[in-house]
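Note sheet for the following structure.
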Amino acid sequence: MTEQKTPPVVLVDGSSYLFRAYHALPPLTTSKDHPTGAIKGVISMIRRLEQDFPGSKMVVVFDAKGKTFRHEMYEEYKANRPPMPDDLACQIQPIHEIVKAMGLPLLTVSGVEADDVIGTLANEATSKGIDVVVSTGDKDMAQLVSDHVTLINTMTETRMNRDGVVEKFGVTPEQIIDYLALVGDKVDNIPGVNKCGPKTAVKWLESYKDLDTLIEHSGEIKGKIGEYLREATETLPLSRELATIRTDVDLDFGLEDLELRQQDDDKLLELFREYELRSWIAELENDAASSHSDNGPDQQKTADIEKRYSVITDQGELDQWVKRLKAADLFAFDTETTSLRYMDAEVVGVSFAIEPGEAAYVPLGHDYMGAPEQLDRDTVLKQLKPLLEDPKLAKLGQNLKYDKNVLANHDINLEGIAEDTMLESYVLNSVATRHDMDSLAMQYLGEKTITFESIAGKGAKQLSFNQIELEKAGPYAAEDADITLRLHHALRPMLADTGKLASVYETIDLPLVPVLSRMEQRGTLINASVLRKHSQELAERMAELEQEAHEVAGETFNLGSPKQLQAIFYDKMGLPVIKKTPKGAPSTAEPVLQELAHDHELPRLILEHRSLSKLKSTYTDTLPELINHRTGRVHTSYHQAVTATGRLSSSEPNLQNIPIRSEEGRRIRQAFIAPEGYKLVAADYSQIELRIMAHLSGDKGLLTAFEKGEDIHKATAAEVFGVSVDGVSGDQRRSAKAINFGLIYGMSAFGLSRQLDVSRKVAQQYIDRYFERYPGVLKYMDNIRKQAHDDGFVETLFGRRLYLPEINARNKQMQQAAERTAINAPMQGTAADIIKRAMIEVEDWLLREHGDEARMTMQVHDELILEVKESALEKIRSGLESRMSAAAELDVPLLVEAGAGDNWDEAH
DNA sequence: ACGTTACCCTA
DNA sequence: GTAGGGTAACGTA
């Protein structure tokens, strides 16, 4: 039996969460444009802590305005920090008010930082024998950790005790200050030791225990880094002092003065309404409604919705649920399966939710030793089939494409896909978050969900769902449905409130789900024997190259190892270093070897070997292995919530990077074939991004060029180089093409000069000349940059948003990168929207009119690939072209070029 | 066994 | 200069 302990006092570092929430969360605003992202983030973290530490005294500490004693010690302290952005500053007051209304003591002490207040209170508590939990996102606080003080990062859900500090940093809490002093801090402008990072600091502290001893023995440290250490000996004591959190601040109050007060519901409701924090409003209202029946003692308030999860193994109970599902306006639905790979997956159970907090799991295929008797899978699926196939019964799920695919394995055609939380989250903010359910629950509901790993384990020993005990599987699966439902309630209003996002979700991403599902299930046909033969040829040629390379080098080595290549090229042969990798090692990348190949044989051999090895390992070896035994075809996965711009991505295999540029590579495309009696039709949008640029910018010259159907690169060359269209040389056209691509990518003179191998000055002249001839484009580029800076996001033609959190970053490089994204995203994203619209339309048309004659099988960003019956070839080709062209009404024609052939190479 | 780095394939 | 995914090597568990 253990002693009943006093609950720990919880000290919350509000300021550290303020910044993190501001950067991590999407730039949400109220309908009156008051930003709320940081409010939401900080408050939901405090609420989580209230749940996790019931009965604890909690104190929330923020930095006060103005300078602190550290500035007096060191003028340059935090001199690198930019002023707080306005849209963060204006959220501080509301947070303070909400914290107060929640009844929590709020502290801001001028002249010191929040850290010091926390350090002092922690010190006071431990001296009285009370344990302390410090909630912070700031690693510097690790110095406070002791047997009685732990850290918790409520954002990342990690707790750190003494052992945790040692594990994370490699030094004890007592050594953290010295560690921080050595490493320094760019943001706070603490100098530290030049070139000394975490690794070096840990190494030194391991050998010398503390900073003073290290300084005494600094003469023993060899090499350049030793010199840097000796250079820093004068500033190190200052660095150490700056890094030290004070535990002896003279506060005019003590812990006992900081009382929790009763939460002021009325005030809180008013604040939540003002900042439109909908889910919390609903919760408060519910609490108020139910508080009469709640006559228990004044406990921790029930921030959680009461959860009623059931596991159904009784037919009567299932019937009750089915009845309710049929009557519901919308129900959440989830399948548990044997595998994440949709082609192999079988249903292990299904879960449902209609009302928040209430959910049911119906286990159907748990087959571990001693599993309880369950309802018969096929019988239940048969019972559910009419329900799941009814397009009028609206279903909600998280990534329903997967569920649709899995159900197809059981001959169920899921229809009525009405809402999908993964897509809601993606459309709301494609960049700021991952869109898996666990992340979404944390972000939008402030709730930690049961992870699959926690019930199934991980790595090779991970169990599949059918092997998981019902006691664990039930809550997990039911929670999936419940969380999905509650997420939808949180996300859907946000979509409706934000520009045209709801329409992007409703008319583009959601209707695409069944289209992609069918494309995935259809798969594509591949000639495995051609690929295997190709693999063999590649292997032979590679062996020759390898032997030659070994002879030339005079030693054997692994041609695929950049490290060994470096040793041979730069250490042994002494070749010039043309470029370095990001980590500073001399690069052996393709353009470098290309350059070196002028004077040496070895780089050429490596280059050829490398390109063949790439083709072999990525394509010719792998693709045949991915052929499904049941269908004889290859089934990719299209991911709808991955890219920042709205494009799809493809994996296992990635069909969007099948080679085309080299002859050897095209042989791989030749292995993508049509079935007997069919041809492959490949239709692609010609110059779609440039056309979108013409449309968005409204530039007269560009619009005219496209209207006349001119060769756009030639037309550009004629303008930039001042020659007639007929007089454009091949070189001029090539340059113009690079300029046009550069424009789409947010070009700089530097980038263009490298691409064209001309001086930066010449590149700049080209750019200037271009903008002179196409002034509308320049104006558009300027506008879009300005818009990005003002709004923090850019939009596609259809209103899909891309947030650019780094557009106003202090780091100029980051800011410029964000500007390039701002320029590129509307074009790339609009193109993505257009082809998605085309896919929905084409699929609908084919299913309606040509069910057995043609089917869409692949999408590669601006290209659709279909299998078409030979007899219907011309009809389908023209219908396809016209539908793709009509997928958007632009001020320029959308030209589509479609070809046909026995394989993808021929069709393209 | 897992994560990171360097490299390279596509639009 | 934009946006992705996959592989081998390599370092750390």
Side-chain angles (χ1 to χ4, degrees), chain A residues 167 199 430-431 458-462 557-566 579-593 606-607 609-623 626 636-639 642-662 664-666 668-669 684-689 693 738-756 763 767 781 794 802 804 813 816-829 831-832 835 858-863 904 908:
Chain A
E167 197 181 318
K199 296 270 186 275
S430 60
V431 271
K458 59 176 179 166
K461 291 188 297 263
Q462 187 171 64
F557 63 100
N558 182 347
L559 276 70
S561 162
K563 223 183 148 191
Q564 294 180 33
L565 285 182
Q566 272 162 34
K579 206 181 127 210
K580 292 193 170 179
T581 66
K583 279 195 75 186
S587 168
T588 60
E590 199 257 4
V592 176
L593 297 193
I606 303 289
L607 275 172
H609 182 271
R610 207 184 255 172
S611 76
L612 300 185
S613 148
K614 172 82 183 173
L615 292 180
K616 183 169 184 291
S617 65
T618 311
Y619 305 106
T620 60
D621 283 353
T622 318
L623 283 171
L626 290 168
T636 186
S637 288
Y638 289 107
H639 307 284
V642 169
T643 72
T645 53
R647 275 189 178 180
L648 300 177
S649 78
S650 155
S651 70
E652 260 191 302
N654 181 355
L655 293 182
Q656 297 178 323
N657 70 349
I658 303 298
I660 190 166
R661 297 199 216 283
S662 72
E664 199 71 42
R666 273 204 298 279
I668 292 162
R669 285 204 171 212
D684 70 308
Y685 285 106
S686 161
Q687 306 292 355
I688 188 167
E689 291 181 5
M693 186 170 86
I739 294 172
N740 281 331
F741 269 98
L743 286 162
I744 294 170
Y745 296 152
M747 167 170 70
S748 67
F750 176 74
L752 184 64
S753 70
R754 277 225 311 218
Q755 179 73 32
L756 288 177
I767 295 172
M781 301 275 170
V794 291
L802 174 66
L804 300 155
Q813 287 228 329
Q816 281 167 358
E819 285 183 0
R820 289 192 294 271
T821 305
I823 299 222
N824 175 260
M827 294 184 259
Q828 191 183 120
I835 196 163
M858 295 192 279
Q859 189 255 37
V860 189
H861 305 312
D862 65 359
E863 172 181 11
W904 193 2
H908 199 277

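The sequence lines fix the lettering, A, B, ..., with proteins before strands; numbering per chain opens at 1.
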**Prompt:** With distance as the sole criterion, is a donor-acceptor pair present between the side chains of A:Thr643 and A:Ser649 under 3.5 Å?
**Reply:** no

**Request:** State which of B:dA11, B:dC7, C:dC10 makes the closest approach to the side chain of A:Arg610.
**Result:** B:dC7

**From C:dG1, B:dC7, C:dG5, nucleotide with atom closest to A:Phe750 side chain** = C:dG1

**Asked** Tell me: CG of A:Leu655 to P of B:dA11, nearest whole Å?
**Response** 13 Å

**Message:** By nearest atom, which of the nucleotides C:dG4, B:dC7, C:dA3 is closest to the A:Thr821 side chain?
**Reply:** C:dA3

**Asked** What's the closest nucleotide to the A:Ala644 side chain, out of B:dC7, C:dG4, C:dG1?
**Response** C:dG4

**Prompt:** Just to confirm, is there a sub-4.0 Å distance from OP1 or OP2 of C:dA8 to any side-chain nitrogen or oxygen of A:Ser561?
**Reply:** no

**Asked** Closest to the A:Thr618 side chain: B:dT10, C:dA3, C:dT7?
**Response** C:dT7

**Request:** Verify side-chain contact (heavy atoms from CB on, under 4.5 Å) between A:Phe741 and A:Leu752, making sure each step is shown before the conclusion.
**Result:** CA-CA 9 Å; A:Phe741 269 98; A:Leu752 184 64; over 6 Å; no

**Prompt:** What nucleotide, of C:dG1, C:dG5, C:dA3, holds the atom closest to the side chain of A:Asn824?
**Reply:** C:dA3

**Request:** Considering only NZ, NE, NH1 and NH2 on the basic side and carboxylate oxygens on the acidic side, decide whether A:Lys579 and A:Glu590 come within less than 4.0 Å.
**Result:** no

**Request:** Name the closest nucleotide to the A:Asn654 side chain, picking from C:dG4, B:dA11, C:dT7.
**Result:** C:dG4

**Spacing between A:Ile668 atom CD1 and C:dT7 atom C1', to the nearest angstrom** = 14 Å

**Request:** Under the side-chain contact (heavy atoms from CB on, under 4.5 Å) rule, what do A:Met781 and A:Met693 come out as? Steps first, then yes or no, please.
**Result:** CA-CA 10 Å; A:Met781 301 275 170; A:Met693 186 170 86; 3.7 Å; yes

**Message:** As a test of reading the structure: which of B:dA11, C:dG4, C:dT2 is closest to the side chain of A:Arg669, going by heavy atoms?
**Reply:** B:dA11

**Request:** Assess the side chains of A:Arg754 and A:Ser748: does a donor N or O sit below 3.5 Å from an acceptor N or O?
**Result:** no

**Message:** Taking 4.0 Å as the cut-off, does a side-chain nitrogen or oxygen of A:Arg754 come that near to OP1 or OP2 on C:dG1?
**Reply:** yes

**Asked** How long is the line joining CD of A:Glu819 and C1' of C:dA3, in whole Å?
**Response** 18 Å

**Prompt:** Among the nucleotides B:dT5, C:dG4, B:dA11, which one has an atom lying closest to any side-chain atom of A:Lys583?
**Reply:** B:dT5

**Message:** Taking the minimum atom-to-atom distance to the side chain of A:Ser617, which one of B:dA6, C:dA8, C:dG5 wins?
**Reply:** C:dA8

**Message:** By nearest heavy atom, map A:Thr645 and A:Pro653 onto DNA chain C; which one lands nearer the 5' end?
**Reply:** A:Thr645

